[in-house]
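Shown next, in structure tokens, is the structure this report addresses.
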Amino acid sequence: MRSYILGRLLLAIPTLFGISAVAFLTIHLIPGNIVEVMLGTRTDVTPAQVAELNALYGIDKPLWQQYLTWAGHLIHGDLGFSLRTGLPVTSLLGPALAVTAEVTILAILIALCIALPAGTWLASRRDSASDVIGRVLSLIALSIPSFWLGTLLILVVSIYLPWLSSFAFIPFLQDPGRNLETMILPACTLALGLSAILVRMMRAAMLEVLHKDYLRTARAKGVSGSRVLGVHAMRNALLPVLTIVGLQVGYLLGGAVVVENVFTLPGVGRLVVQGIQQRDYPLVQSVVFVVAALVIVVNLVVDLAYAWVDPRIRYS
Amino acid sequence: MSRLAPRRMALAGALTAGLLIGAVPTHAQRTAASGGTLTIGVTNDALTLDTTLTTDEASGPIENLLFNSLVKLDAKARIVPDLASSWTITNGGKTYTFHLRPGVMFHDGSALKSSDVAASIARLRDPKTASPWASFFTDVASVGTPDANTVVISLAKPYAPFLAVVSSFLSVSSAKFVAAHGGKLTRVEDGTGPYTLQSWVPSTSITLVKNPHYFVAGQPHFDKVVYQVIPSDASRVAALRTGQIQFAAFLDPIYFPQVQQLQQTSQANVLHVLDINYHMFGFNTKRKPFNNALVRLAISYAIDRNQILQAAGRGQGVVSGLLTPALGSWTVPLRQYAPYTPNLAKAKELLAKAGYPHGFTFSIMASHYLPSDYTAAEIIQQQLKRIGVTAQIATTEWGDYVHKWVVRNFDSFTGENGDWTDPDLAMYAALHTGGSTNAFQFSDPSIDHLLEQGRASTSTSARQSIYNQVQLKLVNDGGPMVYTFASYWDYAMSPQLKGYAYIPGASYKGLVEAYYK
């Protein structure tokens, strides 16, 4: 196991190097640099002033030199400074990542709390009226766009439950209660679509295992129906669900921009989108790099969790 | 850029008479209650507090309450004293002598001196600062400080909009403070404004507190002003409804019905005011067929501006020329613009005369960053089919759009332009041969001559006549742009918020006199 983890971590090094190059090149190669975007189409400037601004933001140097400078700092754990705000990227990324991680974890927990029992229950009533209704409902939930649901929730809550509507984000460590108040609606918005995917996945996986011999044996030995479903069958059906959750964590860590905008959450999505719009190179490069590194770690953790769910899986 | 910091646009209101809203009665100032917190919902976090480098729309509203200039605009959009209590213009319009108000203090408690003003001007003009606004001060020959309360600015040649430029682009900071911070003022400030920076939580909020040294007695009224970042317009409407914010500005007309509903239910008061930007359809006059003025004029005749306003602006604006009605008497009445009455027969006739009897094909660069202008491109595409002209929309990401604009790589584009605060600022750089924002590469010696005269003249009536000629010539002879419409803004505020005076282009400065009742 230890050698497996070490191997995966070593493999991550070239991956991260590739990501750093791609992150750097994509933001630099798209047309429109930081100075052009800053000046826009209405600022009366001379070519000399543009040259001064290029020098101020360091984009007058060759691209390879800019990359080596950034990558050199990165190796030393220095993510650099945001060009437009003058702040260290770490001071912007840290709080944003905390917000995104919190809403991601809450959304996944809510989705799992809905999906695991619902998927199992629907599978146990295959093709019954309730199964059909459940499948239709999950399809509807899957089809609802998060920007629509989020906006609707905001408006409805502001009218009927104004105490629950909050637009001033409070960090968890500052006030856990009020933090959860601000998190509950975005987490539910994200969880709805995710739970719909997981319900369908869980149901399908349960149907796969429900006819296995070992469950028949368990029933023959007198194990109760709920225990057969909830313990013996569910654990075996969890593998595909876990895969989906792993992929979704990676996706959500990149930031659910729409939900962050609607619910005023200062998360990673907003940070990186603003960075791209302003061509704030160090900010975008470093955020993409860190998120990519986190996705690698999350996927490793998910792979390791397979072994916990299915003891037959061994890594060596 | 399509949208600039309101502080930058302050100038556009300098000559505006028709847009005055809610000027504060004197007795209201006397009875204004003090205290409380004003929370403003803003769409983006500020990028900087260094006014010399501010170009974004989010930083200006904060700088409005932190800094002062020598002069400013009042609610009637006239140039009035700010840090300078009076000034004289001598030497044929080349020498400006400003007398500073006594007893003004910076936020750190130190006294304002003429050397601070001189240092602020020097920093703005210093190539090391790389300020995009330095070009407005190119004609400054010298800045003298004969005593601690007098600043003498000498210009190399007369420059009519100079006071308007000073009010919009010069902010005064403590020279000692600037030196102590090595000129890095992105996150710190030491202005003289009514509020001072208390805290800044990136992407979340900026909190200002009352400046106890503020030089206007009895102002400001709030103990604290919080700029709360709420990116979604729908969420800002909800926040107004729940009372979590007390002030917010809306530009997207999609949300106007919701904002106005708040007024109908007495949850907010709303000011509906005309913007100083105009929407337009611009041509690359170095490319065929737009190098031909007849083609440009034909397109102008073929376009139904009212239809564009209804579809792209949702009817929330007015059809406009180069100077919008927000600029008051500088604006030429639309009836004098012949192409503003759509005339397809005339358009086809002009096309045939230009050598394109069967039309032509070209592309319109449009960005979703400017949603109204993107829709305008779609409407124009449909309208031009009527005269046999085929337009293809080139959907372009904003950064790419700016890049193509900078390198002049487009056939045509839809976008916004600003009138700033003086016709010279609206026209010179955009229309003079070789002007820095003349992306159209338009060149007309007669227009150049008029623009040079307008800039040098110190007579308002002479300038009025000059700029009328320019506007008429540009529309009736086929200029480089087809002007379409100007939009409204909705400013929504708590019913308890009183005393707010809307200053065109500097709307947040109007909060200095606001209070709760």
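Chain letters run A, B, ... following the sequence lines, proteins first and then strands; every chain starts at 1.
- Taking A:V157, A:I276, A:L87, A:I159 one by one and counting their heavy-atom pairs under 4.5 Å with chain B, the maximum is reached by A:L87.
- Using a 4.5 Å cut-off between heavy atoms, A:R279 contacts chain B through its side chain alone, with no backbone atom that close.
- At a threshold of 4.5 Å between non-hydrogen side-chain atoms, the residues A:F167 and B:T242 count as touching.
- Chosen from B:T186, B:V201, B:V226, the residue pairing most often with chain A at heavy-atom distances under 4.5 Å is B:T186.
- Between the side chain of A:E52 and the backbone N or O of B:K128, no donor-acceptor pair lies under 3.5 Å.
- Of the residues considered (A:G86, A:A168, A:A55, A:S82), A:A168 shows the highest number of contacts with chain B, using heavy-atom pairs under 4.5 Å.
- The residue among B:R236, B:Q244, B:Q258 with the most heavy atom pairs within less than 4.5 Å of chain A is B:Q244.
- Contacts with chain A were tallied for B:P202, B:S131, B:A239, B:A234; B:A239 has the most, counting heavy-atom pairs under 4.5 Å.
- For the set A:P95, A:A96, A:A51, A:P31, the count of heavy-atom pairs under 4.5 angstrom toward chain B peaks at A:P31.
- Interface remark: B:N44 contributes side-chain atoms only to the contact with chain A (heavy atom separation under 4.5 Å).
- Contacts of A:L265 with chain B are absent, with no heavy-atom separation under 4.5 Å from either backbone or side chain.
- Between the OG1 atom in B:T55 and the CG atom in A:L39 there is a gap of 6.5 Å [rounded to 0.5 Å].
- Under a cut-off of 6.0 angstrom, the local environment of CZ in B:R125 is crowded, with over 12 non-hydrogen atoms contributed by other residues, nucleotides or ligands.
- Of all the heavy atoms in B:P132 and A:M38, the pair that sits closest is CG-CE, 4.2 Å.
- No part of B:Y428 comes within reach of chain A, as not one of its non-hydrogen atoms sits under 4.5 angstrom from that chain.
- If you measure heavy-atom distances from B:T396 to chain A, you find no contacts under 4.5 Å at all.
- Between the CG atom of A:N261 and the OG1 atom of B:T43 there is a distance of 10.0 Å, given to the nearest 0.5 Å.
- Both the backbone and the side chain of B:V229 come within contact range of chain A, each with at least one heavy atom under 4.5 Å from a heavy atom of that chain.
- We find the CD-OG1 distance between A:Q49 and B:T138 to be 6.5 Å, quoted to the nearest 0.5 Å.
- Most heavy-atom pairs under 4.5 Å with chain A: of the set B:K404, B:K184, B:H403, this distinction falls to B:H403.
- Within the 3.5 Å criterion, the main-chain N or O of A:F263 finds no donor-acceptor partner in the side chain of B:S235.
- Interface residue A:T151: only side-chain heavy atoms are found under 4.5 Å from chain B.
- Interface residue A:I154: backbone and side-chain heavy atoms are both found under 4.5 Å from chain B.
- Side-chain contact check for A:L53 versus B:L53: some heavy-atom pair is nearer than 4.5 Å.
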